[in-house]
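One structure is given below, encoded as structure tokens.
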Amino acid sequence: MDRYDVWLNGISIRDNDPRIIISGITEGQPKEKSTITYMGYTHGGRLSKTVRQELSIAVTIGIKETDMRERDAVYQAIRKWGRYAGYLTTSSRENQRLYVEDMNIKTSGKKWMETITLTFTAYAKPFWENLSAQSASIGTAATSGSTFLFAPGNADECTVDAEITARGGTLDTLTVTVGNTSMSFTALGVTVNNRLTIAHTDDGLLTIKNGSTSLMSKRTGASADDLIAEPGSSNAVSFSGNVTCTAKFSTRGRWL
Amino acid sequence: MLPRLLDANQNEITRLHPDKLSIRINQTPLSTATMSLPEGEPTITLRQWTELYGPYGSIGKYRVSSVKADYGEGQNISLEHGITTLGDYLTAADTTLTGTPYDIMGTLLGYQSLWQRGTMSNTGNYSVKVDRSNVLSAVLDLIKQMGAYMLTYDFSSWSVGIVALEASPSCEARLRRNAESVKITIDDNDMCTRVYAVGLTNGYMDADTVGTWGIIAKSLGTADNAVAADVQAYATQYLAEHKNPHVSLEISAQELANKTGEAIDTFAVGKMCRVALPDWNFTTEHRIVSMNYPDILGDPNNVQLSLSTTPRDLSNTLAGISNDLYGTSTVQGGGGGGGGSGKGKLAEYHTAILRNTDSVDILAWDLNGAKAAITVNANNIELKVSKNGVISSINQTAESIVISASKINLTGYVTASQLTAAFADFTASTIDTLSVTNLGVTSGVFGSLTANNTFRYGGENINKASTVVGVGLNVSKNTIHYDYGGASYSVSVVTNVSLDTDTILYLAH
């Protein structure tokens with residue numbers, strides 16, 4: 001195995017062609033935007049918030065091929081491999097993944113000994129997360145229950161998924177709480193042994209479903225936008241419903 | 001999808017390739033669009049038709065309302081939604097249309113030939129007064145009366161319908177999901193928790209928010225002869241619309257429905273939208289009254305939403321004022337003179353301009369019983385101001401001007417060719433010639449005073465035959481000297497003069 005490797009959606013870049021040689025992986029500084037209000041009386045500013053907008057990973061490669069036509073074929077294979085968004089994993093971040101939406105190549109790749117830099121950029125979720133989700137379950141059916149979920153990572157916050165399965169009848173009202181965030185639902189109509197699933201798409205959008213049926217409109221207005229846990233610590237998670245339920249909470253955490 | 005340029009038969013001529021296309025979709029017509037076409041695109045002519053597309057498909061056919069051709073650069077095109085064609089036609093003169101929305105729309109659309117009736121909620125009976133007004137404004141007048149309804153359009157059959165607006169939210173904006181920014185403005189413009197009107201119990205009605213916001217009172221300005229039940233219903237409706245602060249929201253949002261497939265992510269005008277800001281412990285529900293796509297081709301998911309509390313938005317108010325101006329309002333004037341032409345009016349304004357059949361009224365009133373009005377008709381101008389039963393007025397006809405008031409103050413130099421007065425006070429006045437029949441004064445200084453008949457001093461008369469008083473009479477200590485005709489006499493020898501210690505008495509001949 002080489003010193004470096006890069007996978008996109010589980011496919012190594014070297015699977016495109018064994019003549020590809022990875023010479024380095026560099027993680028750039030995330031692009032962030034700070035909102036600062038300058039205070040006229042204190043001769044200073046007040047930092048309101050900082051939002052991470054992008055995170056880029058640069059992968060430098062070479063193509064060990066002298067024939068220009070052959071080099072170009074490999075080059076085009078790389079372009080096709082990185083054409084679509086997906087989860088990037090690298091040998092420098094074991095057990096972590098980054099959802100990248102763009103791969104940029106600024107060099108032509110046609111010259112012998114030319115170093116090609118592939119820049120992958122994450123926009124929707126510019127944070128690394130664990131490959132495997134950490135989970136906590138409440139397996140005994142009850143109208144309410146609580147446990148703790150350890151969230152991996154060192155970022156400020158991470159999202160949590162939840163599955164609440166109705167056991168004692170039709171689940172209509174439900175409150176799900178993670179740390180300081182809570183979602184409440186009314187008129188769910190989740191029949192026995194079916195489940196309400198709170199999850200996230202690859203690009204981080206929240207979904208709330210019963211099977212394929214969306215239950216987004218059942219969430220009350222006062223509910224939190226998302227279920228948020230604090231990485232690096234155990235977070236209290238709980239539910240409360242009108243019928244007995246079992247529950248499972250999971251998170252992949254978030255790394256800076 | 002690119003805009004389609006259509007011919008007179010609504011068939012596609014070509015697809016257009018604008019540099020930029022902005023579309024503003026309004027709940028209350030008209031929706032508009034602007035488009036810049038680069039050099040090389042087809043030449044667009046005025047009133048030509050196009051079909052425009054939004055994130056979810058066609059948003060209707062739009063007619064070119066202006067073309068600005070910049071030769072060598074391209075064309076800037078302004079477009080209006082197809083319903084604008086109703087504005088090309090006029091209604092009948094001085095007619096009141098009554099009946100269900102279906103009936104009224106049938107009559108109104110009968111004034112033109114392009115649009116026909118579509119599916120419409122047909123509840124309630126309404127009355128729309130038209131007087132050579134354009135058909136579109138008459139349709140809007142009906143919609144305004146109906147309240148929570150809006151127009152719908154089907155361009156495949158050129159039918160216009162009326163649909164009830166949803167009462168509960170079906171879409172949602174959240175900062176962590178589809179909203180980039182949310183700006184909320186809350187103000188007390190037009191806010192009212194108590195209305196006064198003749199016909200209400202105790203003369204007023206309170207909203208259920210009066211405990212929250214306190215008393216914010218307004219007069220409905222209803223006519224004294226208005227039907228009490230009508231006043232009651234109107235007051236209830238008025239308070240329902242005005243009992244809370246006016247809230248408007250501007251949301252910069254992203255259309256996500258194409259990506260998520262979630263109905264809750266689909267924005268549309270007329271929809272009730274829940275704006276959930278749990279991080280600020282704030283959630284509110286308001287109707288989307290306008291959607292602006294600033295660059296629907298370059299950034300099709302970027303939309304600016306305008307949400308508003310109630311239909312009592314600016315367009316509604318303007319429509320009301322416009323109706324007043326053009327005589328379709330049911331508001332009744334309180335200024336007398338020409339008066340109102342209707343059966344009695346329920347006005348929500350503290351000011352109103354009313355055009356009646358034979359007169360024009362300008363009115364203003366407040367909650368303290370004060371009211372001012374100017375009424376103009378062919379023969380008369382009347383200005384009237386009243387407050388708590390005290391009335392002043394100026395009434396002008398071709399023959400006369402009558403000023404009626406408890407006090408009339410003329411400040412400045414006043415001339416009058418003829419003056420008749422029952423009584424007058426003069427202060428520091430100079431009179432060249434004064435003929436007085438009977439003069440009563442408490443004190444006065446005269447340079448000379450001539451009495452042609454009888455001069456009366458106290459209770460005594462001094463006859464014309466008497467000698468001029470004062471000439472030749474000198475009084476000093478112990479001496480009265482009367483110089484008559486060059487002769488001097490001491491008091492003891494002056495005829496008709498007697499003297500004692502207190503009195504000098506001159507006895508007339």
Side-chain angles (χ1 to χ4, degrees), chain A residues 33 35 48-49 51-53 84-85 99 101 123-127 156-160 175-188 196-229 254, chain B residues 55-56 166-184 186 244 247 249 251-268 270-288 299-303 305 307 309:
Chain A
K33 180 182 179 183
T35 302
S48 302
K49 62 179 178 181
V51 178
R52 180 178 286 197
Q53 297 175 312
Y84 298 105
Y99 186 73
E101 297 168 74
Y123 300 99
K125 290 193 300 182
F127 294 91
D156 296 336
E157 63 178 43
C158 63
T159 58
V160 171
T175 297
V176 181
T177 302
V178 173
N180 296 322
T181 56
S182 182
M183 285 187 192
S184 294
F185 303 89
T186 58
L188 283 170
L196 174 139
T197 302
I198 301 172
H200 296 81
T201 61
D202 289 335
D203 53 359
L205 286 172
L206 178 76
T207 62
I208 303 170
K209 290 184 176 178
N210 171 14
S212 60
T213 304
S214 174
L215 298 175
M216 286 287 286
S217 62
K218 308 300 183 184
R219 181 171 56 160
T220 63
S223 292
D225 293 336
D226 218 325
L227 296 176
I228 302 295
R254 181 174 286 180
Chain B
Y56 310 121
E166 63 188 22
S168 56
S170 63
C171 59
E172 187 179 70
R174 285 177 180 263
L175 282 174
R176 277 181 179 260
R177 186 175 183 84
N178 53 5
E180 295 172 12
S181 66
V182 177
K183 296 178 182 176
I184 301 177
I186 304 174
N244 284 311
V247 179
L249 295 94
I251 301 174
S252 179
Q254 287 286 314
E255 296 270 17
L256 288 182
N258 282 335
K259 177 183 283 188
T260 65
E262 295 277 4
I264 202 168
D265 290 328
T266 307
F267 300 121
K271 270 191 168 187
M272 193 67 87
C273 180
R274 179 167 63 194
V275 182
L277 306 173
D279 290 350
W280 288 266
N281 197 27
F282 181 83
T283 300
T284 187
E285 297 172 357
H286 295 293
R287 197 173 304 287
I288 299 174
D299 191 2
N301 294 325
N302 178 21
V303 60
L305 306 175
L307 282 66
T309 341

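Counting only heavy atoms from C-beta outward, the side chains of B/Arg176 and A/Thr159 never approach each other to under 4.5 Å.
A distance of 9.0 Å separates CG of A/Asp226 from CZ of B/Arg177, quoted to the nearest 0.5 Å. How far CD1 of B/Ile264 is from CD1 of A/Ile208: 8.0 Å, rounded to the nearest 0.5 Å. Remark: B/Asp265 CG to A/Leu205 CG distance equals 7.5 Å, nearest 0.5 Å.
Around CG of A/Asp156, the count of heavy atoms belonging to other residues, nucleotides or ligands within 6.0 Å does not exceed 12. Environment of OH in A/Tyr84: sparse, with no more than 12 heavy atoms of neighbouring residues, nucleotides or ligands closer than 6.0 Å.
Summarising the geometry of B/Ala276 relative to A/Gly221, their closest heavy-atom pair is CB-O, 3.3 Å, with the distance given to 0.1 Å. The nearest pair of heavy atoms linking A/Arg219 to B/Arg274 is O-NH2, 2.5 Å.
A salt bridge links B/Arg174 with A/Asp225: the closest approach of a Lys/Arg side-chain nitrogen to an acidic carboxylate oxygen falls below 4.0 angstrom.
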Q | Working for side-chain contact (heavy atoms from CB on, under 4.5 Å), residues A/Asp203 and B/Lys259 | A | CA-CA 11 Å; A/Asp203 53 359; B/Lys259 177 183 283 188; 3.2 Å; yes
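Neither the backbone nor the side chain of A/Thr181 comes within less than 4.5 Å of any heavy atom of chain B. For A/Leu215, no part sits under 4.5 Å from any heavy atom of chain B, backbone or side chain.
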